[in-house]
Student: 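Have a look at this one before I ask anything.
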Amino acid sequence: MTEFDAIAQYFRWPTPQAALGPGDDAALLQVPPEQNLAISTDMLVAGRHFFADADPHAIGHKALAVNLSDLAAMGAQPVGFTLALALPELQPEWLSAFAQGMRALAQSHGCELIGGDTTAGPLTIGITVLGHVPAGLALRRDRAQVGDDIYVSGSLGDARLALMLRLGQSTACLPEIEQDWVNARMDRPTPQVPLGLALRGIAHAAMDVSDGLAGDLLHILRASAVGASVHMAQLPLSRALRRLPAASAQAMAANGGDDYELLFTAPVPMRRTVAEIAAQLGIDITPIGTIEARPGLRLLDTHGVDHSAKLHGFDHFRGHS
Ligand code: ADP
Ligand code: MG
């Protein structure tokens, strides 16, 4: 199989929305009037972001999911993406499963594969995703305001627990169904695109949690020149994490990466609206703290003691990519 056969067979999907799909020197997209084009790139490298021998269907899903998560965090509607692939070999079974995993997720979001590049090399997946957001309505990191509530969707720390179990670093004993569930949280994350769209005009600031809540929240705090107090006991924990001692579960929730939930701030008068959005989308949205004028992040226990400095991994994950 040649490179061109592989592209034609696995990566040529219908592109009804694009003005011109793949096959030419560049794809063409029409940006609707009064909309901004939101653009984000994320690269996944075998051995660093996923295990090289992982299920290719899951790799395909996750590579696109982490990119869609960035669009969700901007409040953008996914439109299309490009796929840059370095492959050690052209292996039909692997390519077919990889493409199917990616395509299923792409279709469910109306996100078309409009082009890419394919080369031989160590397994690396680079995706650039494109979306639309009405001008002025994007959810940015630098718009948090003093007094805002801080919210997070879903639950935190599940992917970290799955990773630790896989690496033999946790002795947590989970029932099989919960074991499968945390594995799925790590291998097949769900980008919170509908939530990002619903938060347009509601949230002040937003981002997705990819490197861990504490480090990621610091990005919002710094960009917005504010501080925050977060209540550790309010961090949303799945049934699986609630089986662990509270302190380790909370540490995982505060530091664990790969969650792909949305972290956002919204003014107090929006509380009812945020609850309605959660009910409408059938997801959990949990208030975890407050934006304050005093700089820095305080991770408070139920006695009001700040654990931010002591929390293992906190510094390590700050600025981690
Ligand atoms: P060029 O040499 O002009 O860069 P390529 O031979 O790299 O062209 O690609 C030919 C066409 O196939 C282009 O339209 C490109 O967008 C598309 N393409 C290449 N690799 C991929 C891929 N992995 N997924 C989707 N489309 C691809
Ligand atoms: Mg090329």
Side-chain angles (χ1 to χ4, degrees), residues 1-32 35-72 74 76-133 187-191 193 208 210 258 260 321:
M1 185 187 321
T2 68
E3 174 195 326
F4 296 103
D5 295 336
I7 295 166
Q9 184 157 354
Y10 302 112
F11 300 113
R12 195 53 70 79
W13 313 338
T15 53
Q17 301 176 87
L20 182 64
D24 211 314
D25 296 307
L28 301 174
L29 296 182
Q30 184 73 45
V31 181
Q35 305 253 335
N36 287 154
L37 187 59
I39 306 163
S40 181
T41 299
D42 248 318
M43 202 155 77
L44 276 82
V45 178
R48 176 162 176 87
H49 300 99
F50 59 90
F51 297 108
D53 61 353
D55 174 7
H57 194 280
I59 297 174
H61 173 100
K62 185 165 179 174
L64 181 59
V66 303
N67 278 278
L68 291 174
S69 178
D70 284 319
L71 287 186
M74 293 303 287
Q77 170 68 52
V79 177
F81 69 106
T82 62
L83 172 63
L85 265 184
L87 299 166
E89 55 187 336
L90 295 176
Q91 224 222 33
E93 268 174 36
W94 192 95
L95 282 168
S96 168
F98 173 81
Q100 278 174 40
M102 188 168 281
R103 185 170 179 171
L105 181 65
Q107 274 178 338
S108 71
H109 289 282
C111 191
E112 300 179 347
L113 177 54
I114 55 165
D117 198 23
T118 309
T119 176
L123 180 55
T124 305
I125 305 150
I127 290 181
T128 295
V129 79
L130 307 161
H132 293 157
V133 59
D187 295 333
R188 296 172 191 277
T190 304
V193 174
D208 64 328
S210 55
D258 259 8
Y260 303 104
S321 62

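Whatever order the structure lists them in is the order used to number ligands and atoms, beginning at 1.
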Student: Could you tell me the separation between the CG atom of Leu37 and the NE2 atom of His132, rounded to the nearest 0.5 Å?
Tutor: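 It is 5.5 Å, given to the nearest 0.5 Å.
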Student: Exactly one of Asp258, Asp55, Asp187 should register a salt bridge (Lys or Arg N to Asp or Glu O under 4.0 Å) with Lys62. Which one does?
Tutor: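 Going through Asp258, Asp55, Asp187 one by one, the salt bridge (Lys or Arg N to Asp or Glu O under 4.0 Å) with Lys62 is satisfied by Asp258 alone.
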Student: Below 4.0 angstrom from a heavy atom of Asp25, which ligand 1 atoms are there? Numbered from 1 as shown, please.
Tutor: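 Answer for ligand 1: 3 (O).
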Student: Compare Gly23, Gly21, Ala8 and give the one whose heavy atom is closest to atom 14 (O) of ligand 1.
Tutor: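 Nearest heavy atom to atom 14 (O) of ligand 1 lies in Gly23.
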Student: Ligand 1 versus Asp117, non-hydrogen atoms closer than 4.0 Å: side chain, backbone, both, neither?
Tutor: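 It is both backbone and side chain that touch ligand 1.
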Student: Which option, Ala99, Pro22, Gly115, owns the non-hydrogen atom nearest atom 25 (C) of ligand 1?
Tutor: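 Closest candidate by heavy-atom distance is Gly115.
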Student: Which bit of Asp24 is near ligand 1, meaning a heavy atom under 4.0 Å away: side chain, backbone, both or neither?
Tutor: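 Only the backbone of Asp24 comes within reach of ligand 1.
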Student: Show your working on side chain to side chain contact (heavy atoms under 4.5 Å, CB included) between Leu90 and Leu95 and close with a plain yes or no.
Tutor: CA-CA 7 Å; Leu90 295 176; Leu95 282 168; 4.1 Å; yes
Student: Could you state the interatomic distance from CG (Leu130) to SG (Cys111), rounded to the nearest 0.5 Å?
Tutor: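 It is 7.5 Å, given to the nearest 0.5 Å.
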Student: Between the candidates Ala27, Ala6, Gly116, Ala84, which shows the shortest non-hydrogen contact distance to atom 19 (C) of ligand 1?
Tutor: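 It is Gly116 that holds the nearest heavy atom.
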Student: Might you work through the side chain to side chain contact (heavy atoms under 4.5 Å, CB included) test for His49 and Val66, ending with a clear yes or no?
Tutor: CA-CA 11 Å; His49 300 99; Val66 303; over 6 Å; no
Student: State the CG-CZ distance between Leu87 and Phe98, to the nearest 0.5 angstrom.
Tutor: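 Here the interatomic distance stands at 7.5 Å.
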Student: Just to be sure I read this right, does ligand 1 sit under 4.0 Å from the backbone of Thr118, its side chain, both, or neither, counting only heavy atoms?
Tutor: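 It is both backbone and side chain that touch ligand 1.
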Student: Check whether any N or O atom of Leu83, backbone or side chain, sits under 3.5 Å from an N or O atom of ligand 1, and answer yes or no.
Tutor: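 Yes.
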